[in-house]
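Below, chain A is the first sequence line, B the second, and so on; all start at residue 1.
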Amino acid sequence: MLPEEFYHEQNVVKIARSLLGKVLVSNIDDQYTSGIIVETEAYSGQNDRASHAFGDRNTNRTGVMYQPGGRAYVYLIYGMYHLLNVVTNVEGKPDAVLIRAIEPLDGIEHMLKRIKQQKLTPKLTNGPGKLTIALGINLEHYGVSLLGNFLCIEDRGIILKDEQIASGPRVGVEYAAEDALRPWRFWVKNNPFVSKVRGK
DNA sequence: CAAACGATTTTCT
DNA sequence: GAAAATCGTTTGG
């Protein structure tokens with residue numbers, strides 16, 4: 001399991017890049033499931049117009065981002081889907097990395113059952129709203145530690161070379177003015193589990 | 001207290 | 001390509 005210090009790195013973009021190839025593990029409802037992280041996006045605190053914490057909005061919803069790194073920030077989007085973020089940086093610096101896609105590894109049959117599918121296809125986890133269903137993540141896991149039983153991230157020795165990693169503008173943040181252009185989305189090239197860009 | 005809206009996905013045409 | 005599904009958070013009166 002990754003040490004607490006990993007999440008305290010001050011450069012959230014650096015963490016987003018290095019989370020690729022790590023393994024996200026959930027142990028929820030006595031079901032052990034996991035997947036390799038293949039797509040992430042960095043959200044950088046008060047100065048990022050795309051971040052929920054832009055303008056120093058420390059509310060009940062965004063509060064966990066102000067905690068020290070190493071927790072999960074789970075929230076509901078469009079009234080139907082949960083998205084999972086990894087809180088980073090130190091206390092008072094609301095940075096987070098959105099996990100957009102994973103490649104299923106352990107407990108695939110449990111994940112298929114959760115998302116009501118028969119066989120393994122990229123549709124299982126190739127989107128931020130779907131991987132949370134597959135891993136059994138919901139609002140009950142808002143603020144849980146990534147160093148605890150329910151959720152954690154492991155390094156299983158998967159090494160990605162720079163040429164296997166692509167980066168570009170983030171998804172769904174066109175409203176964020178100049179911040180929308182920042183290449184803070186990272187994904188593994190040619191990996192079928194990376195999410196498709198919406199509407200194309 | 002009421003109303004609008006979003007870091008998405010699926011389905012239908 | 002367009003639209004619906006659906007609810008906690010935010011914003012305004």
Side-chain angles (χ1 to χ4, degrees), chain A residues 12-13 15-17 19-20 24 35 37-67 69 71-89 93-104 111-144 146 151 166-188 192-200:
Chain A
V12 64
V13 178
I15 296 185
R17 155 71 176 78
L19 277 177
L20 291 179
L24 176 65
I37 298 171
V38 296
E39 184 179 359
T40 62
E41 281 181 11
Y43 286 85
S44 181
Q46 296 100 326
N47 300 320
D48 181 0
R49 303 187 76 87
S51 169
H52 288 167
F54 173 71
D56 211 13
R57 277 192 316 222
N58 187 344
T59 63
N60 283 335
R61 180 199 190 199
T62 62
V64 71
M65 288 205 281
Y66 287 80
Q67 300 284 315
R71 294 162 190 274
Y73 171 36
V74 180
Y75 69 94
L76 185 65
I77 189 66
Y78 298 119
M80 351 176 61
Y81 295 99
H82 302 282
L83 301 201
L84 172 66
N85 298 252
V86 175
V87 176
T88 70
N89 215 324
K93 302 281 187 61
D95 289 358
V97 176
L98 171 66
I99 308 298
R100 289 193 56 86
I102 63 173
E103 179 177 336
M111 291 193 264
L112 287 172
K113 188 179 288 183
R114 280 171 176 150
I115 209 166
K116 294 186 170 59
Q117 290 182 12
Q118 302 299 318
K119 61 182 240 188
L120 179 60
T121 67
K123 285 183 183 170
L124 178 59
T125 56
N126 69 341
K130 287 187 282 192
L131 72 88
T132 53
I133 299 174
L135 292 176
I137 295 169
N138 55 56
L139 283 185
E140 292 171 27
H141 307 103
Y142 175 88
V144 300
L146 295 174
L151 286 174
S167 64
R170 291 170 295 181
V171 176
V173 295
E174 291 78 9
Y175 62 88
E178 68 276 13
D179 291 322
L181 301 176
R182 298 175 190 267
W184 286 356
R185 171 173 177 246
F186 298 90
W187 67 94
V188 179
F193 293 93
V194 169
S195 70
K196 294 189 167 54
V197 173
R198 182 146 66 117
K200 299 277 171 58

| query | What's the shortest heavy-atom distance between A:P192 and A:N126, and which atoms? | reply | O-CB, 4.5 Å

| query | Does the ring of A:Y43 carry A:R170 above it, NZ/CZ under 6.0 angstrom from centre and within 45° of its axis? | reply | yes

| field | Spacing of the P atoms in C:dT6 and B:dA2 (rounded, Å) | value | 22 Å

| query | Can you name the salt bridge (charged side-chain N to carboxylate O under 4.0 Å, His left out) partners of A:R100, sequence neighbours left out? | reply | A:E39, A:E41

| request: Grab the CZ-P distance between A:F54 and B:dA7 for me, whole Å please. | output: 14 Å

| field | Heavy-atom pair with the smallest gap, counting every atom of A:V97 and A:L19 | value | CG1-CD1, 3.9 Å

| Within this structure, what is the CG-to-P distance between A:L83 and B:dT9, rounded to whole angstrom? | 8 Å

| query | What interatomic distance, in whole Å, is found between P of B:dA4 and the corresponding atom of C:dA4? | reply | 16 Å

| request: Just jot down the side chain to side chain donor-acceptor pair (under 3.5 Å) partners of A:Q46, sequence neighbours excluded, or say none. | output: A:D56

| Expressed in angstrom and rounded to an integer, what is the separation of A:K130 atom NZ from B:dT8 atom C1'? | 9 Å

| field | Nearest-Å distance for atom pair CG/P, residues A:D48 and B:dA7 | value | 12 Å

| message | In this structure, how many angstroms lie between the C1' atom of B:dG6 and the CG atom of A:L98, rounded? | response | 13 Å

Give me, pair by pair, the N or O atoms of the protein and of nucleotides 7-13 of chain C that are less than 3.5 Å apart, along with how far apart they are.
| from | atom 1 | to | atom 2 | distance (Å) |
| --- | --- | --- | --- | --- |
| C:dT10 | OP1 | A:T59 | OG1 | 2.5 |

| request: Starting from P on B:dT9, measure out to CG on A:L84 and report it in whole angstrom. | output: 13 Å

| request: Quickly, which of A:V194, A:T40, A:L131 forms a side chain to side chain contact (heavy atoms under 4.5 Å, CB included) with A:I102? Name it, please. | output: A:L131

| What integer distance in Å separates A:E39:CD from B:dT8:P? | 10 Å

| said: If the cut-off is 4.0 Å, is A:K123 near the phosphate of B:dT10, judged by side-chain N/O to OP1 or OP2? | reply: no

| DNA chain B: stems of at least 3 consecutive Watson-Crick or G-U pairs, cut-off 3.5 Å? | B:1-6 with C:7-12, B:8-12 with C:1-5

| message | List the residues meeting side chain to side chain donor-acceptor pair (under 3.5 Å) with A:Q67, not counting sequence neighbours, and say none if there are none. | response | none

| request: Determine the Euclidean distance between corresponding P atoms of C:dA3 and B:dC5; express it in Å to zero decimal places. | output: 16 Å

| Side-chain heavy-atom pair A:I115, A:K130 within 4.5 angstrom cut-off | yes

| message | I need the CD1-C1' distance between A:I133 and C:dT6, as an integer number of Å. | response | 14 Å

| remark: By side-chain contact (heavy atoms from CB on, under 4.5 Å), A:L112 pairs with (sequence neighbours left out) A:I108, A:Q117, A:L124

